[in-house]
2 protein chains.
Amino acid sequence: MKGIRQLAKHLDISIGTVSRALNDRPDVNEETRKRVLAAAEELGYVANQSGRSLRQGTTNVIGLMIESSKETVENSDNFFLGVTGGLQSVLSRHKLDLLMLPCPNDEDPHEYLKRMVARRIVDAMIISATQRVDKRIDLLVKAKIPFVALGRSTSGGNHTWIDLDFEGVAACAVDRLVSKGHRRIAIAAPSNDINLGYIFVDTYRQALERHGIAFDPSLVIRVKSSEQGGYQAGHEMLRLDSKPTAIILIYELMAIGLYRRLNEAGIIPGRDLAVIGFREEPRGKFLQPSLTCFRMSLRDLGVELAETLLATMPAYAAHYPKGARNTIWPLELVPGESDAFSLKA
Amino acid sequence: MKGIRQLAKHLDISIGTVSRALNDRPDVNEETRKRVLAAAEELGYVANQSGRSLRQGTTNVIGLMIESSKETVENSDNFFLGVTGGLQSVLSRHKLDLLMLPCPNDEDPHEYLKRMVARRIVDAMIISATQRVDKRIDLLVKAKIPFVALGRSTSGGNHTWIDLDFEGVAACAVDRLVSKGHRRIAIAAPSNDINLGYIFVDTYRQALERHGIAFDPSLVIRVKSSEQGGYQAGHEMLRLDSKPTAIILIYELMAIGLYRRLNEAGIIPGRDLAVIGFREEPRGKFLQPSLTCFRMSLRDLGVELAETLLATMPAYAAHYPKGARNTIWPLELVPGESDAFSLKA
DNA sequence: ACGCTTTCCGGAAACGTTTTAGTATGGCAG
DNA sequence: CTGCCATACTAAAACGTTTCCGGAAAGCGT
């Protein structure tokens with residue numbers, strides 16, 4: 001099949017009519033439209049995307065930028081694959097395709113995105129792993145590319161973003177531990193440069209003060225969000241003069257390392273120390289004793305992400321309410337045995 | 001930046017020359033080339049991909065088709081993200097971009113691929129999770145799209161593929177267990193429809209016979225490649241009249257379920273029963289006792305995949321030896337404690 | 001001075017599609 | 001009958017780029 005020209009010749013019709021028929025435009029007789037559709041199906045004609053894109057200035061492709069750094073691969077679970085399912089279910093309804101753009105780990109994410117944007121291969125973008133200050137956001141705003149950020153940021157004025165409910169999780173964890181009588185609660189988190197780290201620790205501090213507990217900086221243990229970070233967090237914690245009776249982990253993978261360090265020290269989670277993890281992670285599911293943590297639906301998050309994005313795209317906005325530009329995504333507590341340790345009778 | 005025309009006007013040069021300069025064509029003075037490059041950099045000009053593609057009939061994009069089914073998301077580790085790193089490192093050297101095409105789980109993979117191919121958005125494809133009979137392969141062969149399959153298949157004559165060394169792994173596992181005196185060795189595998197299931201069990205059978213051990217069909221336990229499948233495998237195994245002294249798992253995630261079932265029965269892996277898992281899986285790393293399994297480098301696999309693919313693409317084949325069209329990817333044994341159980345003094 | 005090659009550049013066609021402007025036909029009101 | 005509108009189509013322009021072709025200028029040997 002050579003192109004629309006062949007199809008038109010085969011039908012003995014002008015290419016303009018064929019094009020309008022295929023694109024559900026008015027100004028075409030219902031019967032000819034059926035003929036065209038049938039012929040296209042029969043000859044297996046599908047419009048060449050390059051030609052379409054060039055003419056329309058639109059590609060029908062949504063880009064999802066992910067970072068394939070070594071750390072991401074080892075630490076994250078199938079986060080993106082999970083979200084992707086929800087994204088697809090919405091986008092495919094509008095005949096939009098999802099393009100995953102994995103930034104090479106030796107290239108600056110900003111430069112990578114810049115190139116992709118300049119080549120005009122996507123109509124809109126979803127970016128993830130946003131930094132507190134993220135040049136990519138300014139870039140997208142300036143280029144007038146509709147986008148949604150997965151993760152809040154202070155860059156680029158008030159752009160559209162969706163982020164997990166760190167505040168809710170941190171507050172819930174603190175409340176829960178305090179209600180069990182804990183007052184010395186440690187927290188293991190990455191540095192403040194990471195959005196997650198900053199917000200989480202800040203909320204933790206506020207929650208403590210709400211309960212009349214003084215914030216003790218020595219209980220904030222700065223480690224990487226990895227298994228190894230968890231091990232190290234356990235190590236640091238054990239070296240404190242005045243030991244905490246509970247610990248909150250900002251990323252659940254840490255739990256695995258923490259458990260190992262605790263095991264070495266003969267400390268049993270849930271009996272000698274209360275532990276709460278942040279996000280449900282498949283690998284954590286098999287810890288003994290089971291970890292108290294927070295669950296979310298990746299698929300639903302994908303759906304929300306897609307709908308939010310479409311609302312920012314002029315061509316599709318009509319179908320979607322211009323809801324809040326910023327969404328806090330809730331998580332659900334999954335009680336386990338790891339925080340059974342109570343200081344109350 | 002409006003396009004190459006603007007750039008040409010700005011330089012007071014014809015667009016033809018600008019294009020040739022940017023594309024490293026001969027027939028352009030070295031000094032003008034520098035001027036063009038500098039101006040492009042300054043004005044942030046990057047060629048519009050649609051225009052290029054339309055003219056050249058090539059998109060500089062390699063598609064990686066993945067399936068985002070529920071099962072994939074829950075069972076697999078970050079397999080694709082890991083492979084992606086290796087792919088990128090090779091492809092980016094040739095200014096090729098990687099496009100991940102996640103097939104919606106409510107759409108037939110074959111139809112999805114057909115649409116993508118017809119739209120001509122990729123120059124070549126990598127497909128994964130191949131079936132023993134896979135229509136996608138016939139499709140790609142017919143459309144003359146260069147491709148590599150991750151997983152062997154009987155479709156489409158002799159196409160290029162890379163697959164894991166199931167034979168090596170199965171044989172190694174059997175040899176190892178036999179050398180420890182085991183003669184009743186069970187195997188947990190999915191049905192023969194899955195390529196993996198067929199090859200694995202077949203090799204297992206051959207290995208046993210090589211050691212003069214009769215193949216006992218009742219020791220082949222057909223279950224899903226999941227945690228639950230592992231649990232079920234343990235269950236089935238315990239119901240056998242003549243119980244095995246060792247078991248081989250075709251997918252390591254099964255180990256988690258198996259351990260749980262064994263635990264319920266008071267059986268300790270490595271002491272009462274020898275267990276070997278197939279592929280190193282992050283979640284399995286934390287099992288107690290540690291699991292004997294097989295390791296591979298996802299990144300290296302990605303590199304191999306990319307180089308194999310480039311070798312099949314006329315425009316790039318020159319850079320790569322026309323090595324074997326089919327590659328068996330080796331895995332390395334990682335000894336653990338789970339198969340310490342020996343029947344020999 | 002002449003012819004030849006080499007080097008460099010400009011003009012224009014071509015890629016496949018969508019979309020705009022224009023045209024023929026027929027119906028209908030005046 | 002005339003004018004007007006609606007319908008359904010055709011012809012052609014446009015999108016941005018690459019590449020083919022031809023030609024000008026310069027270098028070189030004779």
Side-chain angles (χ1 to χ4, degrees), chain A residues 1-37 39-40 43-61 95 115-123 143 315, chain B residues 1-37 39-40 43-61 95 115-123 143 315:
Chain A
M1 179 66 346
K2 284 298 190 308
I4 199 174
R5 225 175 303 260
Q6 292 274 334
L7 186 55
K9 190 178 294 180
H10 176 259
L11 287 164
D12 202 30
I13 272 183
S14 82
I15 61 175
T17 304
V18 173
S19 174
R20 286 198 312 277
L22 291 173
N23 293 24
D24 272 325
R25 284 260 129 66
D27 264 34
V28 43
N29 185 298
E30 201 49 45
E31 213 224 323
T32 38
R33 162 166 293 137
K34 274 184 189 153
R35 281 211 309 141
V36 172
L37 255 34
L43 302 185
Y45 169 80
V46 178
N48 176 305
Q49 185 62 45
S50 302
R52 296 193 107 219
S53 298
L54 181 56
R55 175 60 226 233
Q56 308 194 112
T58 179
T59 60
N60 285 352
V61 170
K95 297 198 180 169
R115 231 178 65 223
M116 292 303 154
V117 166
R119 297 200 328 170
R120 314 245 95 169
I121 54 182
V122 296
D123 290 347
Chain B
M1 178 60 357
K2 286 296 190 308
I4 199 173
R5 227 175 302 260
Q6 292 274 332
L7 185 56
K9 189 177 294 182
H10 178 259
L11 285 165
D12 203 30
I13 272 182
S14 82
I15 60 175
T17 304
V18 173
S19 174
R20 286 198 308 274
L22 291 174
N23 292 25
D24 271 326
R25 284 258 127 67
D27 265 35
V28 44
N29 184 298
E30 202 48 46
E31 212 224 324
T32 38
R33 162 166 292 137
K34 275 185 188 152
R35 280 212 308 141
V36 171
L37 256 32
L43 302 186
Y45 170 79
V46 178
N48 176 305
Q49 185 61 44
S50 302
R52 293 192 111 221
S53 298
L54 181 57
R55 174 62 226 227
Q56 309 194 111
T58 180
T59 60
N60 285 350
V61 169
K95 297 198 179 169
R115 230 178 66 222
M116 293 303 155
V117 165
R119 298 199 324 168
R120 315 245 85 153
I121 54 182
V122 297
D123 290 348

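Computed over heavy atoms, backbone and side chain alike; hydrogens, waters and symmetry mates excluded. Below, read A as the first sequence line, B as the second, and so on, with proteins coming before strands; counting in each chain starts at 1.
Distances from the side chain of Q56(A) to the nucleotides dT17(C), dA13(C), dT19(C) place dT19(C) closest.
When heavy atoms are screened at a 4.0 angstrom cut-off, T32(B) is found touching the sugar-phosphate backbone but no base atom.
Closest non-hydrogen pair, A39(A) versus L7(A), comes out as CB-CD1, 3.9 Å. The minimum heavy-atom distance linking A143(B) with V117(B) is given by the pair CB-CG1, 3.9 Å.
Atom-to-atom, CG of D24(A) to C1' of dT19(C) comes out at 16 Å; the value is rounded to the nearest Å. If you take CD1 of I15(B) and P of dA13(C), they are 12 Å apart, rounded to a whole angstrom. As rounded to whole Å, 18 Å separates atom P of dA14(C) from atom CG of N48(A). In this entry the distance linking CG of N29(A) with C1' of dA24(C) reads 15 Å, nearest Å. Distance R25(A) CZ to dT17(C) P: 15 Å, rounded to the nearest Å.
Residues M116(B) and R119(B) form a side-chain contact, since some pair of their non-hydrogen atoms from C-beta on lies under 4.5 Å apart. Under the 4.5 Å side-chain criterion, counting only non-hydrogen atoms from C-beta, V61(A) is not in contact with Q49(A).
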request  = Verify side chain to side chain contact (heavy atoms under 4.5 Å, CB included) between Q6(B) and L43(B), making sure each step is shown before the conclusion.
outcome  = CA-CA 10 Å; Q6(B) 292 274 332; L43(B) 302 186; over 6 Å; no
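Put simply, chain B comes within 4.0 Å of DNA chain D, heavy atom to any atom, from dG16(D) to dC20(D), going 5' to 3'.
Between S50(B) and D27(B), the residue anchored nearer the 5' end of DNA chain D, judged by the nucleotide with its closest heavy atom, is S50(B). For the pair L54(B) and R20(B), both in contact range of DNA chain C, the more 5′-proximal nearest nucleotide belongs to R20(B). The nearest heavy atom of DNA chain D to D12(A) and to T17(B) marks one nucleotide each, and the one closer to the 5' end goes with D12(A).
Remark: R55(B) is not in phosphate contact with dA14(C), judged by side-chain N or O atoms under 4.0 Å from OP1 or OP2.
Between E30(B) and R33(B) there is a salt bridge, with a side-chain nitrogen of the basic residue lying less than 4.0 Å from a carboxylate oxygen of the acidic one.
T59(B) places no side-chain N or O within donor-acceptor distance of the main-chain N or O of S53(B), the cut-off being under 3.5 Å.
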